[in-house]
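The next block holds one structure in the form of structure tokens; read it before the comments.
Given the structure is predicted, the values throughout are model-derived calculations rather than measurements. We number each residue from 1, following the sequence as shown.
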Amino acid sequence: MIYLDNAATSWPKPEVVYDAVSNSIKRSGNPGRSNSEEARAAATDIIEARTALAELFHVADPNRIVFALNATDAINLGLQGMLKPGDHVITSQMEHNAVTRPLAYLEDAGVMVTKVKTDPVSGADLDEVRQAFRPETKLVIMTHASNVTGTLNPIGEIGAICREHNVPFMVDASQSAGAIPIDVVKMNIDLLAFPGHKSLLGPTGTGALYVSETVSPKPVRSGGTGVFSEVRLQPEQLPYYYEAGTQNTIGIAGLCAGAHYILERSVNNIYFEEQKLVQMLIDGLTSIPGVTVYGPLTAPRAAAVSFNIEGMDCADVAMILESYYDISVRSGLQCAPDTHRMLGTIDIGGTVRVSPGLFTTADEIDEFLWAVREISEGE
């Protein structure tokens with residue numbers, strides 16, 4: 001199989017990730033709930049994972065990396081913890097449902113939501129971002145990279161605008177964490193939500209939220225922490241304020257190995273190599289008659305690339321690629337209906353999305369392009 005669906009989850013994982021998961025699941029310890037050697041080893045995995053992720057995103061205090069079930073869970077923690085009825089939040093027109101659905105519930109509860117004009121190539125319009133602020137604005141949340149088109153929002157510029165207005169800035173880094181350099185200090189990011197199973201190369205069911213010193217979202221769940229058990233409410237010390245119950249220690253051990261692998265390879269190097277591969281992909285697709293590619297056609301961009309073949313349903317194209325060529329891609333709306341409204345593709349069922357990853361080869365891109373050309377020509 002040629003796997004080109006890394007925007008959904010990365011595959012394969014490095015061997016060190018498989019080994020870390022295997023070693024962790026063989027232990028019986030519950031971190032913070034026992035003094036056994038196994039429990040201490042599990043706690044060490046969690047500490048090392050926080051430390052590696054903090055280094056990756058230039059976070060000074062690793063305890064400000066709060067583990068969650070996934071990126072969606074981390075986003076919900078940030079949004080529900082920061083916003084209340086009467087508040088105003090600014091977002092973009094190319095968000096994933098992980099952002100738009102929690103905002104829809106909050107909007108029904110009395111939170112005001114502004115979706116600023118967003119361009120499929122350049123991202124959120126900075127002038128519209130500036131004009132969207134109100135006295136009631138309590139948060140700006142933007143995706144770093146579109147999971148449909150790979151479009152990058154100008155995160156650094158938006159962060160600077162948020163600082164000018166003294167409004168916290170939250171970023172959904174689902175398609176960028178581990179693949180595109182992120183510096184939470186330089187980009188003025190107060191809350192960074194990210195999954196562990198995509199470009200960070202960890203297992204599914206992992207993710208985290210970086211919480212800066214400038215914000216303090218209310219916790220959305222409470223319970224045991226293994227420490228400060230005498231405190232009536234959730235202890236305010238981080239990360240315990242946001243982490244209740246037994247952690248996914250097995251998944252976090254794998255995420256720790258994935259983060260170390262990324263650090264050793266260097267995000268800058270990964271980004272550079274990925275951009276070359278994606279450019280090869282885009283150049284090949286745009287040369288095929290009848291193929292339309294959506295979003296930016298050159299770097300900088302993320303690795304998610306969407307296209308359609310004239311006269312064909314995107315689901316049919318994906319099915320043919322899998323059934324006849326053993327190539328795995330994704331078709332449809334990719335859980336991002338706002339993006340497809342922006343592209344004008346929602347009424348035709350979306351697009352075919354192809355997303356190479358760290359272990360994709362140039363030969364695999366060539367085979368994919370050959371298959372798309374054959375499908376387009378009806379051969």
Side-chain angles (χ1 to χ4, degrees), residues 1-12 94 96 120-121 145-152 174-176 179-180 198-199 270-337 339-379:
M1 178 182 67
I2 295 176
Y3 184 79
L4 294 173
D5 197 16
N6 288 275
T9 193
S10 59
W11 185 87
M94 64 177 191
H96 189 278
V121 174
S146 168
N147 72 309
V148 178
T149 62
T151 308
L152 297 182
S174 292
Q175 296 298 328
S176 58
I180 299 174
K198 297 188 181 183
S199 293
I270 291 170
Y271 179 62
F272 177 75
E273 292 300 323
E274 194 171 78
Q275 291 299 300
K276 291 195 299 184
L277 207 62
V278 171
Q279 195 61 57
M280 174 185 174
L281 171 63
I282 293 172
D283 290 345
L285 283 172
T286 54
S287 71
I288 300 173
V291 170
T292 299
V293 178
Y294 303 91
L297 300 181
T298 57
R301 64 171 348 272
V305 178
S306 273
F307 72 96
N308 274 320
I309 298 176
E310 185 178 356
M312 295 193 67
D313 186 281
C314 62
D316 291 339
V317 175
M319 181 191 68
I320 294 168
L321 283 168
E322 181 175 9
S323 300
Y324 293 93
Y325 298 93
D326 204 16
I327 298 174
S328 179
V329 296
R330 183 177 178 185
S331 65
L333 300 181
Q334 295 92 23
C335 297
T339 304
H340 286 281
R341 291 187 185 96
M342 177 182 68
L343 296 174
T345 53
I346 193 162
D347 292 333
I348 60 171
T351 59
V352 181
R353 185 186 69 189
V354 52
S355 47
L358 183 59
F359 298 109
T360 305
T361 66
D363 286 344
E364 289 176 325
I365 296 296
D366 279 337
E367 287 192 50
F368 166 77
L369 292 171
W370 172 74
V372 173
R373 185 175 293 276
E374 278 205 340
I375 295 168
S376 178
E377 294 173 350
E379 296 182 1

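For the pair Ala179 and Tyr271, the tightest heavy-atom approach, listed with the atom from each and the gap, is O-CB, 3.3 Å. The two residues Cys335 and Pro337 come nearest to each other via the heavy atoms C-CD, 3.5 Å. Across every non-hydrogen atom of Asp313 and Ala315, the tightest pair is OD1-N, 2.7 Å. Minimum heavy-atom separation, Leu152 to Ala302: CD2-N, 4.0 Å. Here the closest non-hydrogen pair linking Cys314 and Gly332 is SG-N, 3.7 Å. For Met94 against Thr151, the heavy-atom pair with the smallest separation is CE-O, 3.6 Å.
Within the 4.5 Å cutoff, the side chain of Val329 has heavy atoms near those of the Phe368 side chain. Here the side chains of Met280 and Asp366 are in contact, with some heavy-atom distance below 4.5 Å. The shortest side-chain heavy-atom distance between Leu281 and Phe307 does not fall under the 4.5 Å cut-off. Two residues are said to be in side-chain contact when any heavy atoms from C-beta on lie closer than 4.5 Å; Met342 and Tyr294 fail this criterion. The closest side-chain heavy-atom distance from Arg373 to Ser287 is below 4.5 Å. Using a 4.5 Å heavy-atom cutoff, the side chains of Asn308 and Val291 are not in contact.
Ser331 OG to Asp316 CG: the interatomic distance, rounded to the nearest 0.5 Å, is 8.5 Å. Rounding to the nearest 0.5 Å places CG of Asp5 at 12.5 Å from CD1 of Ile327. Interatomic distance, CE of Met1 versus CD of Glu364, reported as 9.5 Å (0.5 Å rounding). With rounding to the nearest 0.5 Å, the separation of CD in Gln275 from CD1 in Ile282 is 8.5 Å. The distance from atom CD1 of Ile288 to atom CD of Glu377, rounded to the nearest 0.5 Å, is 8.0 Å. To the nearest 0.5 Å, the span separating OH on Tyr325 from CD1 on Ile320 amounts to 8.0 Å.
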### Task
Show your reasoning for whether side-chain hydrogen bond (donor to acceptor under 3.5 Å, both in side chains) applies to Glu374 and Tyr324.
CA-CA 11 Å; Glu374 278 205 340; Tyr324 293 93; over 6 Å; no

#### Entry: Ile2 and Asp326: CA distance, side-chain angles, deciding distance, side chain to side chain contact (heavy atoms under 4.5 Å, CB included) verdict
CA-CA 6 Å; Ile2 295 176; Asp326 204 16; over 6 Å; no

### Task
Starting from the C-alpha separation in whole Å, work towards a yes-or-no answer on side chain to side chain contact (heavy atoms under 4.5 Å, CB included) for Ser355 and Arg330.
CA-CA 9 Å; Ser355 47; Arg330 183 177 178 185; over 6 Å; no

### Task
Test Asn6 against Lys198 for side chain to side chain contact (heavy atoms under 4.5 Å, CB included), laying out the working first.
CA-CA 7 Å; Asn6 288 275; Lys198 297 188 181 183; over 6 Å; no

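A donor-acceptor pair is defined here as one N or O able to donate and one able to accept, closer than 3.5 Å; no such pair exists between the side chain of Ser376 and the backbone of Val372. Between the side chain of Gln175 and the backbone N or O of Ala7 there is at least one donor-acceptor pair closer than 3.5 Å. For the pair Arg353 (side chain) and Leu333 (backbone), a donor-acceptor distance under 3.5 Å is absent.
Of the listed residues (Thr149, Thr345, Asp347), just one forms a side-chain hydrogen bond (donor to acceptor under 3.5 Å, both in side chains) with His340, and that residue is Thr345. Screening Thr351, Val352, Leu297, Val278 for a side-chain contact (heavy atoms from CB on, under 4.5 Å) with Val305, the sole residue that qualifies is Val278.
A donor-acceptor contact closer than 3.5 angstrom is absent between the side chains of Ser146 and Arg301.
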